[in-house]
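Order of the sequence lines sets the chain letters (A, B, ...), proteins ahead of strands, with each chain counted from 1.
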Amino acid sequence: MCSRFCWRQFHSGCIRAQEAQQKLINNPQSLKLTNPIPNSYPSKKELSRKHKPSKNEFETTTGSDIVKLNMAITTHMRNGQCESALRVFNSMPSRSTVSYNAMISGYLLNGKFDLAREMFDKMPHRDFFSWNVMLSGYVRNKNLTAARALFEKMPKRDIVSWNAMLSGYAQNGFVDEAREIFEKMPFKNAISWNGLLAAYVHNGRIDDARRLFESKLDWDIVSWNCLMGGFLRRKRLADARRLFDKIPVKDEVSWNTMITGYAQNGELEEAQRLFEESPSRDVFTWTAMVSGFVQNGMLDKARSIFDRMPEKNSISWNAMIAGYVQCKMLDMANELFEAMPCRNISSWNTMITGYSQSGEVARARNLFDRMPLRDSISWSAMIAGYVQNGYSEEAVHLSVEMRRDGEKLNRSSFTCALTACANIAALELGKQLHGWLVKSGYQTGCFVGNALLAMYCKCGSIDEAHDAFQELSDKDLISWNTMIYGYARHGLVGVLSACGHTGLVDKGTEYFYSMSQEYGITAKSVHYTCMVDLLGRAGRLDEAQNLMRNMPFEPDAATWGAVLGASRIHGNTELGEKAAEIIFKMEPDNSGMYILLSNLYAASGRWPDVSKMRLKMRDKGVKKVPGYSWLEVQTKIHTFTVGDCFHPEKDKIYAFLEEMYMKMKHEGYLSSIKMVLHDVEEEEKEQMLKYHSEKLAVAYGVLSVPTGRPIRVIKNLRVCEDCHNAIKYISKITGRLIILRDNNRFHHFKEGSCSCGDYW
DNA sequence: TTAGGGTTAG
């Protein structure tokens with residue numbers, strides 16, 4: 001409702017500007033009247049030069065002068081030029097109440113709420129217009145408390161004031177309050193009756209609307225159209241049609257509403273029949289048909305109507321463009337977009353969404369950057385585009401920028417930004433978003449609430465996830481699933497994998513069997529994989545293979561991956577090779593597995609095989625996913641790669657690591673060189689190890705995260721053995737809690753040991 | 001010259 005209403009404001013301004021422009025083209029003489037510019041006003045001097053007026057005549061000239069300038073203010077305001085309007089206002093030798101009213105109304109039209117109020121407060125004399133303009137301004141901004149306060153303060157109310165208050169309640173879902181105003185009104189007109197009718201219609205109380213409609217006979221055409229539209233929105237086509245047929249004198253809107261209703265409900269034949277039958281067709285009628293065909297996926301039909309349209313506005317163009325976007329025909333959409341004479345924000349937004357949904361984020365961003373004006377939808381479309389295409393960091397940055405730019409985050413951008421935080425485990429940013437969310441009043445909605453839950457779950461804050469879950473007022477299926485999934489990761493699968501990681505094989509086996517026997521949960525592939533992993537890590541490779549043979553389904557690549565991992569730990573090259581071969585067949589592009597096998601060869605010193613593996617990867621075009629780590633410091637994300645030389649504080653970080661190595665060696669640390677896969681000199685190997693991304697990130701964390709707060713580092717791959725060992729030492733020497741999330745689990749390093757018990 | 005209700009697009 002909100003964006004729709006604001007949009008209409010924008011749109012009507014846009015149309016008016018277009019109309020003014022068209023008038024100018026057709027009739028340049030109309031320039032003075034429709035679009036006066038400040039310089040063209042006749043000055044007092046000029047006026048007196050033309051004819052010497054008598055005192056009376058001079059006063060009348062001044063009066064009409066004020067009227068002209070008032071009109072100039074309105075024109076500037078309608079074109080969105082508040083400053084030009086203010087210049088006119090300030091240059092006026094004397095002003096009438098209308099001058100002030102026009103300024104207030106203009107400011108409100110352009111969303112400059114404080115300026116409007118300032119003008120209202122300082123004007124010397126207020127008439128009905130002043131109060132009503134201000135009142136409807138509050139209503140339009142959905143500030144009903146302020147609207148009601150102003151309404152109560154009014155020295156006198158007329159029918160417009162009562163109606164404005166009534167529609168304010170009606171449009172914002174306060175049907176009972178609207179009804180109360182309606183009943184208190186000392187006088188009512190058609191607008192008041194329609195106001196209440198619309199309150200019912202727009203808040204889903206269609207049967208109340210029908211009863212109201214039946215309680216009185218002399219409804220005007222707007223009321224008929226309104227009730228008919230209500231039936232159509234609830235897909236009650238027959239009721240709508242009965243009403244349509246009974247309308248005493250139909251107007252164009254009646255036809256358009258009925259045609260749109262048929263078109264949007266897939267009854268295109270009936271829509272077309274009425275379209276042919278209707279006495280006159282305007283741009284609405286044509287656009288309704290275009291969007292009807294678009295919504296039913298009939299692009300060619302839509303296009304042929306579109307091409308036949310005698311007159312198009314931006315809405316018609318946008319409908320057609322949106323059609324192509326929905327069908328992923330981006331080239332066609334772009335062709336129209338480029339050809340469009342009057343693009344508005346929506347045209348840009350549609351294209352941005354289109355490119356994002358087709359994975360072309362760069363093109364979407366290019367459009368976003370080129371936009372002359374953005375609204376909250378532009379921002380959220382771009383943020384969603386980033387998240388959906390895996391650019392979580394960019395999404396988070398953009399949502400911060402959005403706020404900085406003065407645009408309030410809407411539900412959609414909150415949802416996307418929280419999802420992005422979840423993906424990169426940016427807990428601090430996520431918490432900050434949570435704070436903004438509470439302030440914005442969106443916290444109870446399901447979509448946002450679920451995203452918040454998922455964020456806390458994936459950042460490893462299961463307690464905060466639980467709190468967020470408790471606070472969620474309407475929990476839907478997704479909320480429950482998210483929470484169960486959260487517990488599962490820290491609980492069910494978590495229990496199994498924790499057993500694997502701490503070597504409690506028998507306990508794990510017990511849980512595995514009790515799952516189905518006591519709790520009736522059918523073990524899925526993930527559970528089997530956990531069990532294979534569990535047995536494999538413990539060196540019980542035969543049992544692991546036995547379990548795989550007895551699985552009720554074929555083992556997948558992940559299960560074989562567990563075998564390969566276990567083979568590496570226990571140096572079983574033969575089994576590792578077998579597992580790798582199967583995995584390569586299932587997932588030829590899985591670079592992780594190539595690396596794992598390559599590691600296996602390296603660990604047993606089979607360097608020629610390592611080289612062969614590398615060549616094979618190159619031939620197959622498999623790229624090694626580069627390892628990187630990141631952490632959040634004061635809501636900024638810092639990313640590191642091995643031997644990183646781009647970070648602005650790299651000198652400090654390297655110096656710190658050198659110092660740390662001295663202390664670590666003193667404490668007994670030895671680097672595990674066998675983990676470096678290349679066949680290079682020992683010393684060089686050690687150098688590479690020293691600057692792995694996770695070490696750099698941890699070092700930066702120690703330097704920049706305030707003492708007493710945990711250092712949270714995330715790595716996209718599994719943490720390497722040497723880093724794991726080194727971080728234990730670092731936690732001991734610095735006395736810091738270091739929490740590392742790698743792509744498998746959370747590691748809590750504290751006082752020289754890790755929560756995984758060195759199994760991972 | 002300035003204020004209140006209905007229909008079409010993202």
Side-chain angles (χ1 to χ4, degrees), chain A residues 3-4 7-8 10-11 63-64 66-75 77 96-106 108-109 127-137 139-140 158-168 170-171 189-199 201-202 219-230 232-233 251-261 263-264 282-292 294-295 312-323 325-326 344-354 375 377-378 381:
Chain A
S3 56
R4 190 189 157 97
W7 175 253
R8 282 179 59 179
F10 169 79
H11 177 245
S64 79
I66 292 182
V67 170
K68 274 186 191 157
L69 294 174
N70 289 345
M71 286 167 74
I73 290 177
T74 304
T75 310
M77 285 299 199
S96 63
T97 305
V98 176
S99 324
Y100 284 91
N101 291 345
M103 282 301 295
I104 296 170
S105 157
L108 292 170
L109 184 72
D127 61 7
F128 271 124
F129 272 89
S130 329
W131 287 96
N132 289 341
V133 167
M134 204 58 222
L135 180 65
S136 59
V139 164
R140 225 181 288 152
D158 65 0
I159 182 86
V160 175
S161 333
W162 282 98
N163 284 344
M165 200 62 236
L166 168 60
S167 70
Q171 283 162 10
N189 63 8
I191 295 178
S192 329
W193 283 92
N194 283 345
L196 184 61
L197 187 75
V201 166
H202 292 147
W219 290 95
D220 70 9
I221 185 65
V222 175
S223 331
W224 286 88
N225 292 340
C226 179
L227 184 61
M228 188 170 66
L232 289 171
R233 267 192 295 276
D251 68 347
E252 249 177 18
V253 176
S254 318
W255 288 91
N256 291 342
T257 307
M258 200 61 226
I259 291 171
T260 309
Q264 287 189 339
D282 63 3
V283 67
F284 285 102
T285 333
W286 285 92
T287 308
M289 287 308 295
V290 170
S291 51
V294 159
Q295 280 166 22
K312 301 177 183 85
N313 62 16
S314 54
I315 297 172
S316 339
W317 284 88
N318 288 346
M320 198 61 233
I321 293 177
V325 162
Q326 274 161 31
N344 58 20
I345 300 192
S346 179
S347 331
W348 291 85
N349 290 351
T350 309
M351 289 304 297
I352 290 176
T353 312
D375 62 7
I377 297 173
S378 328

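- When only modelled atom types and interatomic distance are considered, A:Asp127 and A:Thr97 share no side-chain donor-acceptor pair under 3.5 Å.
- At least one side-chain nitrogen or oxygen of A:Gln171 sits closer than 4.0 Å to the OP1 or OP2 atom of B:dG5.
- Following rounding to the nearest Å, A:Asp220 (CG) and B:dG4 (P) show an atom-to-atom distance of 17 Å.
- The side chain of A:Asp158 lies closest to B:dA3, out of B:dA3, B:dT1, B:dT2.
- Among B:dG4, B:dT2, B:dG10, the nucleotide with an atom closest to any side-chain atom of A:Ile159 is B:dG4.
- Checking B:dT7, B:dT8, B:dG4 against every side-chain atom of A:Ile315, the shortest atom distance belongs to B:dT8.
- If you take CG of A:Asn225 and C1' of B:dG5, they are 11 Å apart, rounded to a whole angstrom.
- Residue contacts shown for A:Ala198 are absent, as no nucleic acid heavy atom lies under 4.0 Å away.
- Atom CG in A:Asn313 sits about 13 Å away from atom P in B:dG10, given to the nearest Å.
- When each of B:dG10, B:dT7, B:dG4 is scored by its nearest atom to the side-chain atoms of A:Arg140, the top-ranked nucleotide is B:dG4.
- Using a 3.5 Å distance cut-off with no hydrogens or angles, the side chains of A:Ser96 and A:Asn70 do pair a donor with an acceptor.
- Distance, A:Trp348 CH2 to B:dG10 P: 19 Å, rounded to whole Å.
- Spacing between atom CE of A:Met165 and atom P of B:dG4 amounts to 14 Å, rounded to whole angstrom units.
- Heavy atoms of A:Val133 sit under 4.0 angstrom from primed sugar atoms or phosphate atoms, though from no base atom.
- Among B:dT1, B:dG10, B:dG4, the nucleotide with an atom closest to any side-chain atom of A:Asn70 is B:dT1.
- In this entry the distance linking CE of A:Met228 with P of B:dG5 reads 19 Å, nearest Å.
- Of all nucleotides listed (B:dG10, B:dG4, B:dT8), B:dT8 comes nearest to the side chain of A:Gln264.
- The side chain to side chain contact (heavy atoms under 4.5 Å, CB included) test applied to A:Ile191 returns A:Asn163, A:Asn189, not counting sequence neighbours.
- The residue A:Ile259 sits apart from the nucleic acid: no heavy atom pair falls under 4.0 Å.
- A distance of 7.0 Å separates CG of A:Leu69 from CD1 of A:Ile73, quoted to the nearest 0.5 Å.
- Rounded to an integer number of Å, the gap from CD1 of A:Ile377 to P of B:dG10 is 11 Å.
- Contacts of A:Asn189 with the nucleic acid, taken as non-hydrogen atoms under 4.0 Å apart, include base atoms.
- Checking B:dT1, B:dT7, B:dG5 against the side-chain heavy atoms of A:Ser167 singles out B:dG5 as nearest.
- For the pair A:Asp282 CG and B:dT8 C1', the interatomic distance rounds to 9 Å; values are reported in whole Å.
- The side chain of A:Thr260 sits closest to B:dT8 out of B:dT8, B:dT1, B:dG5.
- Listed nucleotides: B:dG4, B:dG6, B:dT8. Nearest to the side chain of A:Asp251: B:dG6.
- For A:Ser105, a side-chain nitrogen or oxygen approaches OP1 or OP2 of B:dA3 to under 4.0 Å.
- Residue side chain A:Phe129 meets the stacking definition with respect to B:dT2: its ring centre sits within less than 5.5 angstrom of the base's six-membered ring centre, and the planes differ by less than 30 degrees.
- Note that the CG atom of A:Asn349 and the CG atom of A:Asn318 stand 9.0 Å from one another [nearest 0.5 Å].
- Residues passing the side chain to side chain donor-acceptor pair (under 3.5 Å) test with A:Thr74: none are found, sequence neighbours excluded.
- In this model, a side-chain donor or acceptor of A:Asp375 finds a partner on the base of B:dG10 within 3.5 Å.
- Taking the side chain of A:Thr74 as heavy atoms from C-beta on, and the options B:dT2, B:dT8, B:dG4, the nearest nucleotide is B:dT2.
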